[in-house]
Participant: 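This is the structure, below, for whatever I ask next.
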2 protein chains.
Amino acid sequence: MDETTGAIESEMAMLLRLADRNRRSPALESTLDRSAYLVLSVLEQHQVANISTIAEALRLDASTVTRQVVTMEAAALVERRRDPADGRGTLVVATPHGIAQLAATREVRSAVYADVVADWSPADRGTLAALLHRLNADLDRYARRH
Amino acid sequence: MDETTGAIESEMAMLLRLADRNRRSPALESTLDRSAYLVLSVLEQHQVANISTIAEALRLDASTVTRQVVTMEAAALVERRRDPADGRGTLVVATPHGIAQLAATREVRSAVYADVVADWSPADRGTLAALLHRLNADLDRYARRH
DNA sequence: GTCATCTATCTGTCTACTACAGTTAGATGA
DNA sequence: TCATCTAACTGTAGTAGACAGATAGATGAC
């Protein structure tokens, strides 16, 4: 077990804590909560998706996605329709309101991170973004293998 | 709003999701959960700490720490005593069992991350650890300012 | 010394997020 | 056409956390 890996682990533990704390930052008040934000991000890429596609993209249990989508439908962020090609399936699409909320939330959240890394050099920010991207890919691979 | 900041934001959103998912990885079964792990990490540095010190270190509400510590006491991970210098205060110390569990949990969690970044170069791992450290410091500053 | 005020903790209550087990309705192949 | 498979949904439960209010102990001005 090398030093660096231990450091990554402990930084990650603290990062998760602090990022969770940030979730309740006043800046994010009246924006989408994380689950709706992620579901709409998936819909942005797929246009239309069924429950299992969303669950798979976010590594969530389908029952979790069902409930999130039901809540989001009540908030008029998405619409649900029966899949004409498969009567068991539910097709989910973002509403214009959902799309607008996604954009607004993304704006606010990005502004928060812009503030957090305000005095980083562009090069460091680029490196961070790249390493996080790679880390996500590897975490995803790990989750699939286990 | 520059591109890179937007990328950092979306990578962070996904990172939080995937890391949360990892929390339930079979590898972590029968190790400390995140809250106990973090509380014991704080105690490792302070030896003895009262509730507010722990809350402050982890940016948690004191009521949250109270409950975590009560739970941990029931699991024999910590002991609580009345502060002799201040009858309102509660001093918390790790038990030998708590210390052993912290070490074991750290081992397992580090091994998971070792697996995740297995094919990274040592240089890239070092860069990741350093940038995460810096990001944590800046998130912490952000949380304090807002 | 005593009282008003401050502070450390604890309790009550609530929310967000998620999983697992079990049910149901529709699809599908022998 | 029936056994089986599968997509989604419902019931239930657990973790992690906040905020508001209660309580008991500390402290400073007088």
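All figures in this text were calculated on a predicted structure; none of them were measured in a lab. Proteins get letters first, then strands, A, B, ... in listed order; numbering begins at 1 in each.
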Participant: What is the distance from atom CZ of R17(A) to atom OG of S41(B), rounded to the nearest 0.5 Å?
Facilitator: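 Rounded to the nearest 0.5 Å, the CZ-OG separation comes to 13.5 Å.
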Participant: Same cluster or not: V39(A) versus L91(A), using hydrophobic residues (I, L, V, M, F, W, Y) connected whenever any side-chain heavy atoms lie under 4.5 Å apart?
Facilitator: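 No; L91(A) is not reachable from V39(A) via cluster members.
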Participant: Check each of T90(A), L60(A), L43(A), T66(A) against I54(A) using the side-chain contact (heavy atoms from CB on, under 4.5 Å) test, and report the only one that passes.
Facilitator: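 Going through the options one by one, the only one that passes is L43(A).
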Participant: Which part of the nucleic acid, if any, lies within contact of D33(B), taking any heavy atom under 4.0 Å across all strands shown: a base, the sugar-phosphate backbone alone, or nothing?
Facilitator: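 Answer is sugar-phosphate: D33(B) comes under 4.0 Å of backbone atoms only.
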Participant: Does OP1 or OP2 of dT18(C) have a side-chain N or O of R17(B) closer than 4.0 Å?
Facilitator: yes
Participant: In whole angstrom, give the distance that lies between atom CZ of R21(A) and atom P of dT15(C).
Facilitator: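 R21(A) atom CZ is separated from dT15(C) atom P by 20 Å.
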Participant: For atom CZ of R141(B), decide whether the heavy atoms of other residues, nucleotides or ligands shown that lie under 6.0 angstrom number more than 12.
Facilitator: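 Atom CZ in R141(B) is packed in, count exceeds 12.
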Participant: Flag the pair H97(A) / L77(A) as yes when at least one side-chain heavy-atom distance between them is below 4.5 Å, and no otherwise.
Facilitator: yes
Participant: Which of residues 69-92 of chain B have a heavy atom under 4.0 Å from DNA chain C?
Facilitator: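 Contacting residues: R80(B), R88(B), G89(B), T90(B).
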Participant: Determine: side-chain N/O of Q68(A) to OP1/OP2 of dA16(C), distance under 4.0 Å, yes or no.
Facilitator: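 Answer no for this pair, as no side-chain N or O of Q68(A) is under 4.0 Å from OP1 or OP2.
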Participant: For L16(A) and dG17(D), what is the distance between atoms CG and P respectively, to the nearest whole Å?
Facilitator: 10 Å
Participant: Grab the CG-C1' distance between L28(B) and dA19(C) for me, whole Å please.
Facilitator: 15 Å
Participant: Could you check which nucleotide pairs with dA30(C) in any of the strands shown, counting Watson-Crick or G-U wobble with both distances under 3.5 Å?
Facilitator: dT1(D)
Participant: Within the pair R23(B) and dG14(D), is there a side-chain N or O less than 4.0 Å away from OP1 or OP2?
Facilitator: no
Participant: For a quick check of understanding: with a heavy-atom distance under 4.0 Å over all strands, which category does R34(A) fall into, base, sugar-phosphate or nothing?
Facilitator: sugar-phosphate
Participant: Return the value, rounded to whole Å, for the distance between atom CG of D61(B) and atom P of dG12(C).
Facilitator: 16 Å
Participant: Does the side chain of R134(A) reach to within under 4.5 Å of the side chain of L128(B), using non-hydrogen atoms?
Facilitator: no
Participant: Check the distance between dT11(C)'s C1' and I51(B)'s CD1 and give it to me in whole angstrom.
Facilitator: 14 Å
Participant: Tell me whether L32(A) shares a hydrophobic cluster with I99(A), the cluster being built from Ile, Leu, Val, Met, Phe, Trp, Tyr side chains joined at under 4.5 Å.
Facilitator: no
Participant: In whole Å, what is the span from the CG atom of N22(B) to the P atom of dT18(C)?
Facilitator: 14 Å
Participant: Can you figure out which of dA18(D), dC10(C), dT18(C) approaches the side chain of T66(B) most closely?
Facilitator: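 Closest of the options to the side chain of T66(B): dC10(C).
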Participant: I'd like to know if the side chain of S25(A) pairs up with that of N22(A) as donor and acceptor (distance under 3.5 Å, no hydrogens or angles considered).
Facilitator: no
Participant: Side chain of R67(A), heavy atoms from C-beta onward: which of dT12(D), dA7(D), dC19(D) has the nearest atom to it?
Facilitator: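 When the side chain of R67(A) is considered, dT12(D) is the closest of dT12(D), dA7(D), dC19(D).
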Participant: For DNA chain C, which residues of residues 38-46 of chain A approach it to below 4.0 angstrom with any heavy atom?
Facilitator: none
Participant: Grab the CG-P distance between L60(A) and dC20(C) for me, whole Å please.
Facilitator: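 Rounding to the nearest Å, CG of L60(A) and P of dC20(C) are 11 Å apart.
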Participant: Hey, does the side chain of S35(A) come within less than 4.0 Å of dC17(C)'s phosphate (OP1/OP2), counting only N and O?
Facilitator: yes
Participant: Check this for me, if you would: do R109(B) and E107(B) make a salt bridge, where the nitrogen-to-carboxylate-oxygen distance has to be below 4.0 angstrom?
Facilitator: no
Participant: For a quick check under 3.5 Å, do T127(A) and D124(A) share a side-chain donor-acceptor pair by atom type?
Facilitator: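 D124(A) and T127(A) do not have a side-chain donor-acceptor pair below 3.5 Å.
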Participant: On DNA chain D, check which nucleotide each of T53(A) and D20(A) is closest to and give me the residue with the more 5' one.
Facilitator: T53(A)
Participant: Could you check how far OH of Y37(A) sits from C1' of dC17(C), rounded to whole Å?
Facilitator: 18 Å
Participant: Does T64(A) place a side-chain N or O at less than 4.0 Å from the phosphate oxygens OP1/OP2 of dA19(C)?
Facilitator: yes
